[in-house]
Every structure is written in structure tokens, then in C-alpha cells.
Engineer: 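So that we are looking at the same thing, I have put the structure below in C-alpha cells.
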Amino acid sequence: MAKTLSFAALHFSVAFSLGWLLTGSWLVGGALAVIEPACNTVVFHFHEKMWKRIEARRQTLALPARPQKRTA
């Protein structure tokens with residue numbers, strides 16, 4: 001959890017700093033620090049869902065076909 005929190009703090013700091021440096025506005029920097037990570041969180045959720053589908057499809061295609069039982 002500490003690693004996640006430190007990464008989040010770093011992410012917010014970078015977003016804020018870039019917004020502030022590019023515009024000179026503390027308000028824009030603060031807005032970017034909140035909005036950009038929030039948008040990335042939503043996008044990441046859908047990115048993960050897409051990759052889970054891709055991985056499941058790959059596993060399905062990689063499984064060998066089961067031999068059928070013969071009844072005599």
C-alpha cells in the first residue's frame with residue numbers, strides 16, 4: 001500500500017507541476033492534478049477489462065481439443 005500511495009503522490013505532483021509550468025496558473029495545475037489521474041483511473045479499468053478478454057481468448061485458442069469418448 002505504501003508503494004501505491006507514493007506512486008499516487010508522485011503522479012499528482014507531476015501532473016500539477018506540468019500544468020503549472022506550462023500555464024503559470026496554480027488553478028490549472030491543481031485541476032490537472034485531480035482530473036488527469038481520475039481520467040487515467042477510468043481508462044485503466046477498461047484497459048484491464050480488454051486485456052483480460054484478450055488473455056482469455058488466447059488461453060481458449062491454446063487449449064488442445066479433448067478427445068471424444070467412444071462408446072462401444
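This chain uses plain numbering: 1 for the first residue, then up along the sequence.
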Engineer: Starting from Val43 and following side-chain heavy-atom contacts under 4.5 Å between hydrophobic residues (I, L, V, M, F, W, Y), which residues can be reached?
Structural biologist: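 None; Val43 is a cluster of one.
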Engineer: Sort and list the pairs that fulfil side chain to side chain donor-acceptor pair (under 3.5 Å) and have at least one residue in residues 1-19, not counting sequence neighbours.
Structural biologist: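 Only His11-Glu36 qualify under side chain to side chain donor-acceptor pair (under 3.5 Å).
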Engineer: Output a table of donor-acceptor pairs, distance under 3.5 Å, between side-chain atoms of residues 47-61 and any protein atom two or more places apart or on a different chain; print 'none' if there are none.
Structural biologist:
residue, atom, partner, partner atom, Å
His47, NE2, Trp51, NE1, 3.1
Thr60, OG1, Ala56, O, 2.9

Engineer: Pairs of donor and acceptor atoms involving the side chains of residues 24-31, under 3.5 Å and at least two apart or interchain, shall be tabulated with distances.
Structural biologist:
residue, atom, partner, partner atom, Å
Ser25, OG, Leu27, N, 3.2
Ser25, OG, Val28, N, 3.1

Engineer: Under the 4.5 Å side-chain heavy-atom rule for ILVMFWY, direct or indirect, which residues accompany Leu18?
Structural biologist: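 Besides Leu18, the cluster holds Val14.
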Engineer: Quick check: closest heavy atoms across Leu32 and Gly19, and the distance to 0.1 Å?
Structural biologist: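 Heavy-atom minimum between the residues: CD1-CA, 3.3 Å.
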Engineer: Apart from Met1 itself, what residues make up its hydrophobic cluster when side-chain heavy atoms of I, L, V, M, F, W and Y under 4.5 Å apart count as a link, directly or indirectly?
Structural biologist: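 Joined to Met1, directly or through intermediates: Leu5.
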Engineer: Which pair of non-hydrogen atoms, one from Phe12 and one from Ala33, has the smallest distance, and what is that distance?
Structural biologist: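 Scanning both residues completely, I find the closest heavy atoms to be CD2-O, 2.6 Å.
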